Structures are given as structure tokens and as C-alpha cells.
J.: 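One structure, pasted below without further comment.
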Amino acid sequence: MLDRLKPLRPYLKRYRASLAWGGLSVVLYNCSKIVMPLLIGRAIDHISRHVGERDVAHDAVWLLVVAVAAAIFLYLTRWIIIGASREIEFDLRNDLFANLERQPPAFYHEHRTGDIMARTTNDLNAVRQLLGPAIMYSANTVVFTLAALPFMIRMSPRLTIFAFLPLPAASLLVQTMGRRIHRRFERIQAMFSDISAQAQENFSGARLVRAFAQEEAEVARFETANQEYIRRSLMLVRLMAMLWPTLEFVLGISLVATLFFGGREVVQHRLSVGQFTAYMVYMVQLIWPMIALGWVVNLFQRGTASVERIDQLLRQKPAIWDEPAVENTVLPEIRGDIEFRGLTFRYGAAEILRDIDLTIPAGTSLAIVGPTGSGKSTLVNLVPRLLDAEAGMVLIDGRPIREWSLAQLREGIGFVPQETFLFSTSIRDNISFGVREATPAQVREAAVSAHIATEIEEFPAGFDTLVGERGITLSGGQKQRTSIARALLRNPRILILDDALASVDTYTEERILLALREQMKGRTTIFISHRVSTAQSADRIAVLVDGRIVETGTHEELLSAGGYYRGLYQKQQLEEEIAVVA
Ligand SMILES: Nc1ncnc2c1ncn2[C@@H]1O[C@H](COP(=O)(O)OP(=O)(O)OP(=O)(O)O)[C@@H](O)[C@H]1O
């Protein structure tokens with residue numbers, strides 16, 4: 001089992017001083033606890049021998065001193081060991097988050113967010129319990145039992161055998177029932193997350209539920225899930241209600257055995273009343289550590305499984321990362337030449353892009369059009385290396401893309417993804433994401449270029465308006481333009497807009513394109529669009545069909561070529577004419 005805890009070694013090493021102090025306080029705490037029954041026993045013997053008040057007071061003072069010492073050492077033990085477990089939890093959580101941040105988007109397609117969240121919460125919690133309570137209670141049990149046993153055996157070996165017989169049963173009971181309780185608890189937790197997810201989806205999708213008149217059906221569905229949750233919870237309550245009485249019964253047997261056999265020892269004058277009392281106190285003191293032992297075994301089992309799961313995430317190497325030789329090299333600033341050379345790209349076995357040869361000279365703009373699912377997003381994702389093409393298939397400024405460090409490459413690129421994502425912070429923070437030193441004037445300027453500034457300034461809190469659950473909901477078009485402002489603020493050499501104008505009207509689109517032309521002078525721009533009105537403003541247009549570039553040229557060239565682009569143009573012209581007539 002210790003082998004399975006190997007991943008924790010570096011963390012334990014970091015806090016070895018704390019753990020050593022913790023170990024020392026465990027020993028000192030148990031030493032004080034061991035002395036206490038002896039003092040009580042001595043006091044009782046003194047009382048039964050009718051010694052003077054002074055002696056009894058003396059015993060009481062000693063008892064108090066030892067009790068205070070025990071309390072202090074217990075406090076130190078908890079503070080140091082539980083504190084160290086929290087520190088390790090903190091380090092582990094940071095390391096996990098940092099490693100998850102390095103993973104490419106594909107990682108999040110392969111792993112469910114819920115699973116990752118569970119590992120970073122439940123599993124971390126299990127590891128913390130292993131490092132804190134589990135280590136502390138097992139150390140206490142081992143030290144106390146080892147220290148108390150010699151005293152107890154010296155008092156009466158026979159009594160010790162009888163008194164100890166039922167104790168392992170208590171420990172075993174806690175362990176087996178604890179395992180069942182945990183299993184049921186996990187099922188309840190899973191059910192609870194289902195209920196929460198159902199409620200959350202109903203609240204976020206409130207509009208859809210109302211529109212489809214599904215309120216009643218959803219209430220019924222929720223009630224069914226809620227009923228199942230309660231049923232499982234009651235099963236847990238029953239199990240837990242059984243645990244304590246059974247435990248008390250088993251431990252009661254042990255105390256009865258001690259009383260019976262110990263009483264006989266006293267009657268037969270083999271033990272004094274004081275010694276017998278001390279023995280009884282040892283037994284009572286041993287009860288909790290024995291119970292804890294069963295519980296600790298469960299904590300260890302759960303904790304080791306969690307350590308393995310967390311370690312899998314920690315060892316997950318980011319699929320897209322700098323080669324060691326490249327990591328710290330800084331090449332001259334990116335100019336913005338992009339070249340796809342004989343590019344073929346697959347998701348698993350499915351070939352998505354085929355034989356693509358395309359050059360986008362620095363300072364020019366390229367529009368990519370094509371049917372849905374033809375591979376447009378895939379192609380542009382290769383530029384900031386959100387996806388990785390085979391070596392030598394993508395070049396920036398004539399250099400294979402992998403020769404640029406990811407940091408330098410991505411710093412030079414402004415990327416507006418197809419699905420806009422805004423953090424639940426202020427609009428200002430959303431726009432200045434990744435450009436911490438941006439001044440309010442620069443943020444506003446970017447917003448002006450993206451044609452969103454006036455609308456933002458009309459909100460009561462202006463740029464400080466919160467978006468998302470705690471603030472206002474922006475419209476699809478507003479979100480897209482905020483996202484464009486975010487990309488522009490980086491002042492990138494390469495700007496990529498993946499269908500980023502889809503949610504704005506043609507009038508706004510025109511104004512944004514005009515501003516972009518100004519902003520992106522001398523920089524490279526790629527925009528994916530389904531609209532000819534967007535594409536025609538680019539220096540060149542590439543048509544991607546079924547993963548192949550089938551046409552390239554200017555708007556006029558492609559119109560006269562009479563291919564896909566011309567068809568698209570005619571269709572959209574017709575749509576516009578119909579819209580005007582209607
Ligand atoms: N992570 C992925 N794993 C497997 N297949 C994928 C993945 N992402 C995209 N695809 C597939 O690759 C193909 C191209 O997708 P892509 O998003 O590049 O198309 P697109 O031209 O941008 O489409 P649209 O215009 O609808 O946005 C699609 O068939 C899609 O189902």
C-alpha cells in the first residue's frame with residue numbers, strides 16, 4: 001500500500017519538519033495520557049487508605065498538571081498534523097490546476113468536466129483526510145496502545161486478554177460498516193449531483209422549458225429524482241443508526257469483561273481498587289482509538305485510491321507543449337507570414353484536412369468560406385497550436401511552427417473562437433484578459449474598434465458591469481464583439497476570427513470590418529465566415545470543401561470562376577432581395 005502513496009513523497013518531504021514536530025507531540029500527548037490513569041489509581045488507593053487531605057490535594061494537583069499538559073499536546077498535534085495536511089492539499093490543488101491549465105482543448109473533449117471537478121474536490125479531500133486525521137489517529141492509536149499495554153499487562157495479564165478480546169471486533173465492525181456507509185454515501189452524492197445538474201439546466205434553460213410548455217413534465221421528472229435521493233438517504237440513515245448501538249454493545253462486552261474479571265482480581269487481592277480503577281480508565285481511553293482504527297483503515301483505502309487518481313492527472317503530459325530546446329528561446333518578433341505546406345490533419349482515424357497548400361503573406365487578409373463541417377475551424381486552430389499538425393506542415397515566418405515557443409506564438413495571435421466565452425467578471429476584465437497592464441483608455445479603444453463601446457457605456461456600471469450569472473446577460477452579438485475587443489487589445493500580429501461576426505447584423509458587420517481594416521493594417525488577418533459580405537472585404541478568399549481548398553482568389557476572381565463561391569454569392573443575394581421585398 002505504501003507504494004501506492006509514492007506520489008505523495010515529494011509533498012511529505014516538503015513538510016517533514018512539521019510532520020516530525022507533529023510526531024513528537026503525538027508521543028508527548030500519549031505519555032501524558034498514560035500517566036493519568038496511574039495518578040487516578042494512586043489517588044483512589046490513597047483515599048481508600050484514609051490518608052490525609054494534603055495527599056489527596058497533592059494527587060489532584062498532579063492530575064490537573066498532567067491533564068493540562070495532555071490538552072496542550074493534543075492541541076499541538078492537531079494544529080501541526082492537520083495543518084500540514086491542509087498545506088499539502090493546498091500544494092496539490094495548485095499543482096493540479098497548473099497542470100490542467102496546460103492541457104490542450106482536446107483534453108477537455110476527452111475528459112468530462114464533472115469527472116475533473118470530482119478529482120479536484122472529492123479526491124483531494126480524501127487525500128487530505130488520509131494525511132491529516134488518518135495519520136493522526138493511527139499514530140495516536142499505535143503509540144497509546146503500545147504505551148498502555150505494558151502497564152495493563154503488568155497489572156494483570158489475564159485481565160488484559162479478556163478485556164482485549166472484543167476490541168478487534170469493534171474495529172472490524174467500524175471498518176466493514178464504514179465501507180458500506182461510504183458506498184451508500186457516494187451513491188447519494190452522485191444522485192445529488194444529478195439533481196443539482198437537473199435543477200441548474202432547468203434554471204438556465206428556463207426559456208426553452210416555458211416555450212415548450214414542459215414545466216409540469218420537468219416538475220414530475222425532478223420529483224422522481226428527488227424521491228430516489230430521499231430513498232437512498234434513508235437507507236444510509238438506517239445503516240448509520242445501526243452502527244452506534246452495535247458498537248456500544250461490542251464495547252460494552254469489553255467493559256463488562258473488564259469489570260467481571262477485574263472485580264475478581266480485586267476480591268482475590270491480586271489488584272488494589274486503585275489499580276483496578278486505573279485499568280478501567282485505560283480501557284475507556286482505548287475505546288476511541290480502537291474505533292478510530294477501523295475508520296482510519298477506510299480513510300487509508302479511500303485516500304490511496306484518490307492519490308492514484310490525482311497522480312494520473314498530475315502525470316498527464318500536455319499533448320501540445322514546447323520541446324525543451326524551444327521552451328526558453330525567443331525568436332525575433334512574429335511578422336505574420338503563415339504557410340500551410342502539404343497539410344493533412346486527422347482526428348483519430350478521420351481525415352479532416354487534405355493536401356492543403358496555402359500561404360498568407362504578412363499584412364494581408366484571408367477569408368475562409370465553405371460548407372459547415374468542411375474543416376475551417378480545424379484549419380485555423382492549427383495556427384495558435386490549439387491543435388497540432390505534423391511537424392513541418394505549418395510555418396510561421398518561414399519557420400516550422402514548433403520552433404516558436406508556445407508563449408511567443410500565442411502572444412502574437414489574437415484569436416476569436418466560434419463559441420464566445422466570457423468569464424463572470426466585469427466587461428473590462430473580460431476585454432483585458434491576458435493584457436494585465438492595459439489602461440482604461442486602451443480597453444475603450446479596443447471596444448470602439450469592435451463596435452461595442454457605446455453599448456457598454458450605456459450600462460449603469462459601464463465597463464465595470466459584471467457579466468454572467470452575477471451580472472447582466474449580453475446578447476450573442478454583444479458577446480462576440482466583446483470577444484473581438486479582447487483579441488484586438490493584444491495588438492496581435494495575426495488576428496483570427498472564427499465566424500466571429502455571425503451574430504451581428506450586416507450593418508454592424510460592415511462597420512467592424514472597416515475598423516478592422518484600419519487596425520489590422522500591416523498585420524495578418526484570417527476570418528472564417530458563412531457570409532459573402534464578410535468574405536469579400538478580404539484580400540483573398542479560400543474555399544474549403546470537404547477538407548480541401550477548392551478555390552482561392554479575390555472576390556471578383558472567384559465570382560468569375562463560377563464555383564462554390566459564386567453559388568454562395570448568388571444565393572445570399574437572392575436572400576437579401578427577398579428580405580427587402582418582404
Ligand atoms: N475534437 C474533434 N474530434 C473529432 N472530430 C472533430 C473534432 N472537432 C471537429 N471534428 C469534426 O471535424 C470536422 C470539421 O469540423 P470543423 O469544426 O473544423 O468544421 P467547420 O468547417 O469549422 O464547421 P462550421 O462551419 O459548422 O463551424 C467535422 O466533421 C467535425 O465533426
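This one's a predicted model, so the numbers in the text were calculated from it and none came from an experiment. Just the heavy atoms: all of them, side chains too, but no hydrogens, waters or symmetry mates, feed the values below. Ligands are counted one by one from 1 in listed order, and the atoms in each one are counted from 1 as well.
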J.: With heavy-atom distances below 4.0 Å as the criterion, list the atoms of ligand 1 near T378.
T.: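 What qualifies from ligand 1 is 14 (C), 15 (O), 16 (P), 18 (O).
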
J.: Between the side chains of T364 and D539, is a donor N or O closer than 3.5 angstrom to an acceptor N or O?
T.: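 The criterion, which ignores hydrogens and geometry beyond distance, is not satisfied for D539 and T364.
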
J.: Within a distance under 4.0 Å of any heavy atom of H530, pick out the atoms of ligand 1 and give their elements.
T.: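 Answer for ligand 1: 25 (O).
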
J.: Donor-acceptor pair, distance only, cut-off 3.5 Å: does the side chain of D337 make one with the backbone of A362?
T.: yes

J.: With a 6.0 Å cut-off (strictly less than), is the heavy-atom count around CD of E575, excluding the residue itself, greater than 12?
T.: yes

J.: Please write down residue, atom name and distance for the protein heavy atom closest to atom 25 (O) of ligand 1.
T.: K376 NZ, 2.8 Å

J.: Please verify whether a non-hydrogen atom of G375 lies at under 4.0 Å from ligand 1.
T.: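 So G375 counts as touching ligand 1.
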
J.: How far is atom 9 (C) of ligand 1 from its nearest protein heavy atom, and which residue and atom name does that atom have?
T.: Y347 CE1, 3.4 Å

J.: Can you give me the closest heavy-atom contact between V545 and S374, atom names plus distance?
T.: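 For V545 and S374, the tightest heavy-atom pair comes out as CA-CB, 4.1 Å.
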
J.: By number and element, which atoms of ligand 1 are closer than 4.0 Å to a non-hydrogen atom of Q418?
T.: 24 (P), 27 (O)

J.: Tell me, yes or no, whether the heavy-atom count around Q316 atom CD, taken from other residues, nucleotides or ligands under 6.0 Å, exceeds 12.
T.: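 Correct, the count exceeds 12.
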
J.: Tell me, which protein residue and heavy-atom name are nearest atom 26 (O) of ligand 1, and how many Å apart are they?
T.: T372 OG1, 2.5 Å

J.: Any donor-acceptor pair under 3.5 Å linking the side chain of R566 with the backbone of L559?
T.: yes

J.: Counting non-hydrogen protein atoms only, what is the nearest one to atom 1 (N) of ligand 1? Give residue, atom name and distance.
T.: H109 ND1, 3.6 Å

J.: Could you check atom 17 (O) of ligand 1 against the protein and tell me its nearest heavy-atom contact, residue, atom and distance included?
T.: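 Nearest protein contact, heavy atoms only, for atom 17 (O) of ligand 1 is S377 CB, 3.6 Å.
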
J.: Indicate the ring-plane relationship of F423 and F433, choosing parallel, tilted or perpendicular according to the 30° and 60° boundaries.
T.: tilted

J.: Below 4.0 angstrom, counting only protein heavy atoms, does anything approach atom 30 (C) of ligand 1?
T.: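 It does not: no protein heavy atom is found less than 4.0 Å away from atom 30 (C) of ligand 1.
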
J.: Are any side-chain N or O atoms of S483 and backbone N or O atoms of K479, one a donor and one an acceptor, separated by less than 3.5 Å?
T.: no

J.: Of the protein's non-hydrogen atoms, which lies at the shortest distance from atom 14 (C) of ligand 1, and what is that distance?
T.: G373 O, 3.5 Å

J.: So which heavy atom in the protein is nearest atom 12 (O) of ligand 1, and how far is it from that ligand atom?
T.: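 Checked against all protein heavy atoms, atom 12 (O) of ligand 1 sits closest to I352 CD1, 3.4 Å.
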
